[in-house]
Peer 1: 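Quick one: this structure, given as structure tokens, is what I'll be asking you about.
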Amino acid sequence: MDKNYLLNVAGTKVNYHKSRAKMPFEEKVKIIIELQKLENEFIKNNKNRKNSNKYRRVWEV
Amino acid sequence: MRNTLKKINSLVESGIVTDYAIAGGIAQFYYIEPSVTYDLDLIVHIPGEENVLNPLTNIYEWAKQNGYSLESEHVIIEGIPVQFLLAYNDLVNEALENSDEITLFEEFTYILKPEYLMAIMLQTGRPTDKERFARFLIEANYDKDKFFEIIKRFGLLEIYKKFNGEVNG
């Protein structure tokens with residue numbers, strides 16, 4: 001695969017994540033809660049997933 | 001989250017907590033793109049903490065009186081698991097003392113500065129810390145001079161150099 005292409009893709013991703021870092025904190029909290037729900041779903045449905053004893057509770061706000 | 005912050009501030013108003021700052025993942029995500037986390041970590045100073053066997057007792061008692069349950073060392077305050085952590089070393093203590101006052105969800109609160117969060121991540125050094133530290137280098141707006149001044153003072157420069165070597169190959 002063309003190295004320049006990969007560098008370009010990597011650069012685009014960096015810029016994307018940088019812009020996401022700047023979103024309002026209130027939006028970030030909504031995303032965190034959605035990610036908590038998503039992870040809960042993955043754990044329920046993927047029996048092969050290593051499920052550590054990590055404390056998990058979806059925020060009820 | 002506003003109600004949770006109000007209740008945490010009431011702990012300071014009532015003198016159960018001297019001061020606090022948001023730390024851990026939620027603090028980190030204030031500065032970088034969020035990923036999943038499940039608790040709100042607070043670094044706290046408690047009155048007389050150095051003399052007490054279990055310094056968080058008064059917080060747990062307050063929680064019980066206010067109907068907030070305890071789960072795995074977390075107090076569930078208005079639906080959010082909150083973990084109270086004493087400032088456990090000089091770096092964390094200084095981080096707390098230099099925290100910023102901000103407004104979240106129309107409620108004032110306190111948060112560790114990014115340079116201190118980065119130093120603490122280097123010091124703690126778990127895989128999660130390394131991953132988020134790498135993201136801070138790219139995504140966060142931080143004072144590089146301040147960051148290097150802190151890590152030099154707390155003997156973390158070699159750890160930083162080793163980490164940079166691992167990331168950049």
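Chain identifiers are assigned alphabetically (A, B, ...) following the order of the sequence lines, protein sequences preceding nucleic acid strands; residue numbering begins at 1 within each chain.
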Peer 1: Identify which part of B/E73 has an atom lying under 4.5 Å from any heavy atom of chain A, answering side chain, backbone, both or neither.
Peer 2: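 Contact with chain A involves no heavy atom of B/E73 at all.
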
Peer 1: With only heavy atoms counted, which part of B/F29 is less than 4.5 Å from chain A, the side chain, the backbone, both or neither?
Peer 2: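 Both backbone and side chain.
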
Peer 1: Does a side-chain N-to-carboxylate-O contact under 4.0 Å join B/K6 and B/E78?
Peer 2: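 The answer is no: the pair does not qualify as a salt bridge.
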
Peer 1: Does the pair B/L156 and B/L91 meet the rule for a side chain to side chain contact (heavy atoms under 4.5 Å, CB included), with working shown?
Peer 2: CA-CA 11 Å; B/L156 298 168; B/L91 170 60; 4.0 Å; yes

Peer 1: With a cut-off of under 6.0 Å to the ring centre and 45° to the axis, is B/K64 in cation-pi contact with B/Y68?
Peer 2: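 So B/K64 doesn't make the cation-pi contact.
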
Peer 1: Please state whether the side chain, the backbone, both or neither of B/N3 comes within less than 4.5 Å of a heavy atom of chain A.
Peer 2: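 Neither part, no heavy atoms under 4.5 Å.
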
Peer 1: Between B/E13 and B/N9, is any side-chain donor less than 3.5 angstrom from a side-chain acceptor?
Peer 2: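 There is no such pair (donor and acceptor under 3.5 Å, judged by atom type) between the side chains of B/E13 and B/N9.
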
Peer 1: Specify which of B/A140, B/G25, B/S35 makes the most heavy-atom pairs with chain A at under 4.5 Å.
Peer 2: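 Greatest number of close heavy-atom pairs with chain A: B/S35.
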
Peer 1: Side-chain donor-acceptor pair under 3.5 Å between B/S99 and B/Y20, yes or no?
Peer 2: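 No pair is found: no donor N or O on one side chain lies under 3.5 Å from an acceptor on the other.
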
Peer 1: Among A/E60, A/R57, A/E27, which has the most heavy-atom pairs under 4.5 Å with chain B?
Peer 2: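 Of the candidates given, the most pairs with chain B belong to A/R57.
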
Peer 1: Need one label for B/I26: side chain, backbone, both or neither, based on atoms under 4.5 Å from any heavy atom in chain A.
Peer 2: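 The answer is both parts of B/I26.
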
Peer 1: Going by distance alone, is a donor N or O of one side chain under 3.5 Å from an acceptor N or O of the other, for A/E39 and B/Y38?
Peer 2: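 Looking only at side-chain atoms, B/Y38 and A/E39 do form a donor-acceptor pair, the distance falling under 3.5 Å.
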
Peer 1: Can you tell which of A/E26, A/K28, A/R20 has the highest number of heavy-atom pairs within less than 4.5 Å of chain B?
Peer 2: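 It is A/K28.
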
Peer 1: Hey, which of B/H74, B/R135, B/R2, B/M1 has the most heavy atom pairs under 4.5 Å with chain A?
Peer 2: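 Heavy-atom pairs under 4.5 Å are most numerous for B/H74.
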
